[in-house]
There are 2 protein chains.
Amino acid sequence: MNKREFKDRVYGELARITKSLANPHRLEIIELLAQGDFSVEQIAEQTSLPIANASQHLQVLKQAQLVDVNRQGNFIYYRLANSNVFKAWKALRELGVERIATIEKLVKDFRQSKFKFESVTIEGLLQKLESGKITILDVRPTTEFNKGRIANAISIPIDELKQRINELPKRSEIIAYCRGPFCVYADEAVAVLNKAGYKATRLEEGFPDWSLMGLPIEMN
Amino acid sequence: MNKREFKDRVYGELARITKSLANPHRLEIIELLAQGDFSVEQIAEQTSLPIANASQHLQVLKQAQLVDVNRQGNFIYYRLANSNVFKAWKALRELGVERIATIEKLVKDFRQSKFKFESVTIEGLLQKLESGKITILDVRPTTEFNKGRIANAISIPIDELKQRINELPKRSEIIAYCRGPFCVYADEAVAVLNKAGYKATRLEEGFPDWSLMGLPIEMN
DNA sequence: AAACTATTCAATAAATTTATTGAATAGTTT
DNA sequence: AAACTATTCAATAAATTTATTGAATAGTTT
């Protein structure tokens with residue numbers, strides 16, 4: 001094997017794995033699976049895909065060894081193969097946000113159209129935690145909260161927030177978080193909370209980002 | 001714009017930028033440009049591509065805003081738009097190496113076929129630097145050395161190593177490095193040096209990895 | 001064992017990406 | 001201004017990816 005042949009093979013393999021990520025639906029699936037494992041049905045629902053379609057995309061990810069599979073009862077659950085998959089997604093996400101003005105504009109416009117546009121980064125949250133009284137609110141579905149969450153976070157899924165809003169302390173500043181920077185649950189939560197007179201801000205990143213940084217987490 | 005539309009657009013944009021990376025030749029170009037700027041002609045030569053072909057791939061990268069262009073005399077030079085591009089490449093590279101056994105095997109086989117298979121990581125080099133007497137040898141072409149190098153590295157391009165080998169101290173352990181983990185210049189150098197009785201090892205990563213870590217660099 | 005259920009498979013058409021080729025162009029040098 | 005040069009453009013065919021549809025399957029529950 002000569003040098004060129006060697007390179008062709010190495011870059012060929014790397015392109016293969018990159019191609020498996022290079023699709024809008026598959027990127028969305030990756031981000032979802034960063035929260036924990038999901039059945040094909042759940043994945044299809046969350047991504048608005050027909051089931052056969054979701055399955056097909058999952059096969060591509062499986063082929064590339066980016067996801068692991070296991071069956072429980074009648075359902076087949078997919079999960080990310082390991083943290084490097086999320087790291088690659090995160091690097092692409094950050095490259096995209098920084099390079100493509102369209103993305104930042106989309107996020108900004110969407111938030112402003114319905115919610116207050118303001119957020120705090122993990123960095124900022126850590127500072128706030130040192131100084132003041134902060135309530136961290138997880139507004140993802142309970143199943144995801146159970147699979148892993150920021151330590152000491154309170155769980156109130158976004159769907160239940162209006163009814164259960166009085167469970168939250170009035171005095172404390174509330175930081176709401178969800179799946180990641182493109183997840184809008186936290187935005188919706190901040191809108192509800194502000195309207196009810198709470199001081200609330202969204203966390204820019206999501207649980208997987210927190211976890212990757214090695215910060216304290218809990219799970220059931 | 002509803003939630004689904006918002007997500008479709010965001011992930012659509014992210015997929016677009018990911019697609020621009022998802023090609024063996026373009027990945028190779030990215031890795032090359034991590035060393036500094038190169039003309040289309042040089043890029044074509046380094047990647048064994050016809051010039052029209054290299055140009056076409058560069059247009060794709062330019063469209064995705066991953067590279068910047070500037071003309072000098074008759075030549076047009078391309079460079080990476082910023083360090084996030086290299087970060088994304090690095091994340092994909094590491095994902096690939098970890099997930100695809102084929103890649104590690106390819107690298108291992110290729111090295112073993114011609115050279116001693118042994119290397120030290122940047123981490124390991126830093127430790128060695130604290131304790132012992134180390135000569136860091138840059139075997140990339142001089143132009144790349146001039147654009148940026150590990151601080152205190154000596155430059156002997158791989159093509160000149162045999163003639164100039166006596167410029168190197170006999171006593172000191174030599175760590176040879178080049179462009180990155182898939183670059184074989186350092187392997188070739190180690191082979192030459194070991195044969196001549198030097199104690200030499202290759203650095204696993206390349207100059208861009210060192211630079212990204214914020215470690216001391218120099219340039220002309 | 002039969003019935004059921006979630007998921008995968010297979011075939012196909014449409015869309016996208018890629019390599020190839022030769023011509024065109026933008027800018028520089030003479 | 002003419003000649004030159006590096007790069008880009010444009011057209012095309014082949015290869016790959018994707019969505020869609022309906023059937024098949026593997027395994028579980030009854």
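Hydrogens, waters and symmetry mates play no part in the numbers below; they use all other heavy atoms, side chains included. A note on names: the letters A, B, ... follow the listed sequences, proteins ahead of strands, and every chain is numbered from 1. In this text, all values refer to a predicted model and were calculated from it rather than measured experimentally.
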Enquirer: When you check every protein heavy atom under 4.0 Å of nucleotides 6-17 of chain D, what one-letter string (B, S, -) results, 5' to 3'?
Expert: SSBB-------S
Enquirer: Once Watson-Crick and G-U wobble pairs under 3.5 Å are found, how is DNA chain C written in dot-bracket notation, 5' to 3', with | for any base paired to another strand?
Expert: ||||||||||||||||||||||||||||||
Enquirer: I'd like to check the side-chain hydrogen bond (donor to acceptor under 3.5 Å, both in side chains) partners of Asn53(A); sequence neighbours left out, ordered by chain and number.
Expert: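 Here no residue qualifies.
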Enquirer: Does the side chain of Phe182(B) come within less than 4.5 Å of Leu106(B)'s, by heavy atoms?
Expert: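 Answer no - side chains too far apart.
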Enquirer: Checking Asp109(A) now: which residues fulfil side-chain hydrogen bond (donor to acceptor under 3.5 Å, both in side chains) with it, not counting sequence neighbours?
Expert: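 Listed in chain order: Lys105(A).
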Enquirer: For Arg4(A), is there an ion pair with Glu28(B) - N to carboxylate O distance below 4.0 angstrom?
Expert: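 So Glu28(B) pairs with Arg4(A) through a salt bridge.
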Enquirer: Would you mind writing out the side-chain donor-acceptor pairs for residues 56-66 of chain A within the sub-3.5 Å range, not counting sequence neighbours?
Expert:
| residue | atom | partner | partner atom | Å |
| --- | --- | --- | --- | --- |
| His57(A) | ND1 | Arg26(A) | NH1 | 3.0 |
| Gln59(A) | NE2 | Ser55(A) | O | 3.4 |
| Gln59(A) | NE2 | Tyr78(A) | OH | 3.2 |

Enquirer: Taking only residues two or more places apart in sequence or in another chain, which ones pass ring pair (Phe, Tyr, Trp, His ring centres under 6.0 Å) with Tyr185(A)?
Expert: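 With neighbours one apart ignored, the set is empty.
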Enquirer: Salt-bridged, Glu94(A) to Lys90(A), with N to O below 4.0 Å?
Expert: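 Salt bridge: yes.
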